[in-house]
Amino acid sequence: MKKPLSFDTETGGLKYWLEDEQAFMAQTSEGHGASIFRFIEHPSEPLPVGRDKFLEVIRDHDPIIAFNLPFDEHQVRFTLHADPFVGKETHDVDLLSRVCHPKEDPKDKRDLDTITERFLGKRKEVERIKALVKEYNEWVKTQKHLTKEERAKLRIGALHGPNAKHAYLKLWKFKPSEFEIYGGTDADITFDLYNYFIAELGDLKPIYELERQVSPILIHAEERGVRLDQDAVARLRRKYETELHEVHAHLVETLGEQALGGAGSQKALPEALINAGVPLYKMTPSGGNYSTNKNDLLEFAADHPVIRELFNFRRLEKFIGTYIETYEGVDILHPTINQLGAKTGRMSSERPNLQNVPKRTGKEMRSVIIPRPGMCFVVCDYDAIEARILADYLGDEEYQRLVSERDPHAWLASVIWGGTPEDYAKGGPKDLQRTGAKTGTYAIGYGAGGPRMQEVLMSVGMYVDVDEARRIVSVVRKTLPNYQHFVDKIERTVTERNDGNGDSFLMTRCGRKIPCRLEKAYAGVDYVIQGTAADVMKKGLVYTDELVRPLGAHILLVVHDEIVTEAPIEVAEEVLRKQKAAMEIVSEELDLHPRLTVTGSITTESYAKA
């Protein structure tokens, strides 16, 4: 008989592998009041520490439920040095909510309080915790024996996110009983939300079960982490700082020092660009100045080299800040993998973002990721997965055969710019045009016209004017067989499913529901292709894990359409064979035409060598 139990941890921060950010307490609930378990002693209210009792309660129940399950599982394992979840049926209410109600806007808040208010009603405890924060901060002001800087460190500015380190711990130490009332209701509400969304699943149950199978694989990948070569990190910093200094010096000659950062740069940069001949005309939202964000500068990049140089300057600054500074001094990096990072079901990652590494710096960034001693990387990548899925939906057998037998992106590049597909081979002298054809195809799937196509091509380093971009759009649309018929079908579906308020949805091959506003029906082609690719990738991930984990291999990363596995060197060839077979079998299961193929490699050096 099932004995469901929800649980929640209260922690010192987000970095579960650091002792001072680990859990200090947990709550459990069977749906009718919570039990509190302290993991550390309170300085003024010494009650029994309940670590062992908490583990006993978890082991005595099944299934186990949490909101943002990966985080809470990490905290339990690293804090208590135990794994009570082995063999358990686990459920993540955050995943459940995203499957039942996928977010239209990626910026929509999905924290527990927001979800609760949306589906169960507003929590009175939210106001209580806000009042407790205010009371705490007032108390901090009274601590006159501390310096101003010390009081500033004690103060709580945020309860959630990377800037909320130790916020909950401070509140618990300040007034433990009041804080524990709030924390206890988290477990109760998680239990209620689980029952609410499970009752809603209906036809979405298969896709939720797929997500539920993926979850422990990603949790394990996050916990294991990737090893970093600090010598390689140091070399990258020296190289990029040298390049940044050179670009900065050249830009100073053209734009002046003040335009490149610091006080007054918001006004100085537009003025300097105009003086350099760039005809800015778009304004900032406040209307007080000319805009210099990337999207508003892209149209000038083809004719004004200073814009391209400015983009390069920003790229170098971002690369150093986002990647190199994140990697420095870290032996094992634990990225956060967002299982449903997009409404299409695609995954994303944070700290750092491994999905959006710029193409020009991607290989170097991967060069710092190395296997552990005695291990190697087995890297398998779906070949042109979106192009093959698009060919399946278009239904033209000749085009499906072409996509199956040739590089579809090189072929399309030859149609757009002339020559043969071999002229645009991947990694060859015209690889940039191949990338342009690939990126442009997906942009058209998102409804791109000439101006948007120009932006997309410039984002990958192809600087074309808007007329050339319009020509490319026209060529691609005419070249893809049945393309307009597919677009019309998608738009009809969105219109027919409109709820009267403009909200509609599309379904992937595996039954994933993707929201699509009526006015964004033009993007439906992209949604369906990306969503189906996400389904394929996740099935491939599950099948891969089943086959390679018994061999001592560990899935480490999922980047776009690529699975990176760390395997013992002596079984690497067997892992490669099984991983490729596991990923390829998905297209047979879904009866995709053409079938999906996978390219794989093994390296004992770095991820960049795969």
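Excluded from the calculations below are hydrogen atoms, water molecules and symmetry mates; all remaining heavy atoms, backbone and side chain alike, are included.
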Around atom [atom1] of [X], are there more than 12 heavy atoms of other residues, nucleotides or ligands at under 6.0 Å?
X      : atom1 : answer
Asn293 : CG    : yes
Tyr290 : OH    : no
His160 : NE2   : yes

side-chain hydrogen bond (donor to acceptor under 3.5 Å, both in side chains), that's the test. Do Glu299 and Tyr281 meet it? Break it down for me.
CA-CA 11 Å; Glu299 64 180 284; Tyr281 65 93; 2.8 Å; yes
Do [X] and [Y] pair up side chain to side chain, a donor and an acceptor below 3.5 Å, judged on atom types alone?
X      : Y      : result
Thr284 : Asn289 : no
Glu397 : His593 : no
Asp392 : Gln400 : no
Tyr543 : Gln579 : no
Tyr463 : His304 : no
Asp111 : Thr114 : yes
Tyr527 : Lys343 : yes

Does the side chain of [X] reach to within under 4.5 Å of the side chain of [Y], using non-hydrogen atoms?
X      : Y      : value
Asp383 : Leu596 : no
Leu280 : Leu297 : yes
Cys516 : Phe505 : no
Gln530 : Ile389 : no
Val214 : Gln339 : yes
Phe197 : Val93  : yes
Arg212 : Asp92  : no
His554 : Thr565 : no

Ion pair present between [X] and [Y], side-chain N to carboxylate O less than 4.0 angstrom?
X      : Y      : answer
Lys430 : Asp423 : no
Asp186 : Arg123 : yes
Glu386 : Arg346 : yes
Asp488 : Arg492 : no
Glu398 : Arg401 : no
Glu89  : Lys2   : yes
Glu455 : Arg452 : yes
Lys539 : Glu589 : yes

Report the relative orientation of the aromatic rings in [X] and [Y]; use parallel for angles under 30°, tilted for 30 to 60°, perpendicular for over 60°.
X      : Y      : value
His409 : Tyr442 : perpendicular
Phe377 : Tyr607 : perpendicular
Phe319 : Tyr323 : tilted

Donor-acceptor pair, distance only, cut-off 3.5 Å: does the side chain of [X] make one with the backbone of [Y]?
X      : Y      : result
Ser291 : Lys282 : no
Arg406 : Pro421 : no
His334 : Glu222 : yes
Ser504 : Val494 : yes
Arg434 : Ala425 : no
Arg471 : Ile416 : yes
Asn482 : Leu394 : yes
Lys88  : Pro63  : no
Glu211 : Gly345 : no
Thr532 : Val528 : yes

Apply the side chain to side chain contact (heavy atoms under 4.5 Å, CB included) test between Pro335 and each candidate in Thr326, Leu556, Leu557; give the one that qualifies.
Leu557
Apply the test side-chain contact (heavy atoms from CB on, under 4.5 Å) to residues Ile444 and Val525: give CA-CA distance (whole Å), side-chain angles for both, the deciding distance (0.1 Å), then the verdict.
CA-CA 9 Å; Ile444 290 171; Val525 170; over 6 Å; no
What are the two closest heavy atoms between Val379 and Ala610, and how far apart are they?
CG2-CB, 3.4 Å
Minimum heavy-atom distance Ile490-Gly524, with the two atoms named:
CG2-CA, 3.6 Å
Nearest 0.5 Å, what's the [atom1]-[atom2] distance between [X] and [Y]?
X      : Y      : atom1 : atom2 : result
Leu518 : Asn501 : CG    : CG    : 11.0 Å
Thr344 : Leu506 : OG1   : CG    : 11.5 Å
Ile307 : Met458 : CD1   : CE    : 10.5 Å
Arg98  : Leu96  : CZ    : CG    : 12.0 Å
Asp431 : Lys426 : CG    : NZ    : 8.0 Å
Glu588 : Leu592 : CD    : CG    : 10.5 Å

Does the side-chain contact (heavy atoms from CB on, under 4.5 Å) test come out yes or no for Glu584 and Thr597, once each step is laid out?
CA-CA 6 Å; Glu584 289 178 341; Thr597 58; 4.2 Å; yes
Sole candidate of Phe191, Phe71, Tyr194, Phe85 that passes ring-ring contact (aromatic ring centres under 6.0 Å, His included) when paired with Phe7
Phe85
So that I know where these two stand, are Tyr382 and His560 an aromatic pair - ring centroids less than 6.0 Å apart?
no
Which residue is it: Asp192, Thr185, Asp188? I am looking for the one with a side-chain hydrogen bond (donor to acceptor under 3.5 Å, both in side chains) to Ser29.
Asp188
Could you please spell out the steps behind the side-chain hydrogen bond (donor to acceptor under 3.5 Å, both in side chains) verdict for Asp535 and Thr508?
CA-CA 8 Å; Asp535 297 343; Thr508 66; 2.5 Å; yes
For side-chain hydrogen bond (donor to acceptor under 3.5 Å, both in side chains), just list the numbers for Arg110 and Ser97, CA-CA rounded to whole Å, side-chain angles, deciding distance to a tenth of an Å, and then say yes or no.
CA-CA 9 Å; Arg110 301 299 292 237; Ser97 74; 3.2 Å; yes
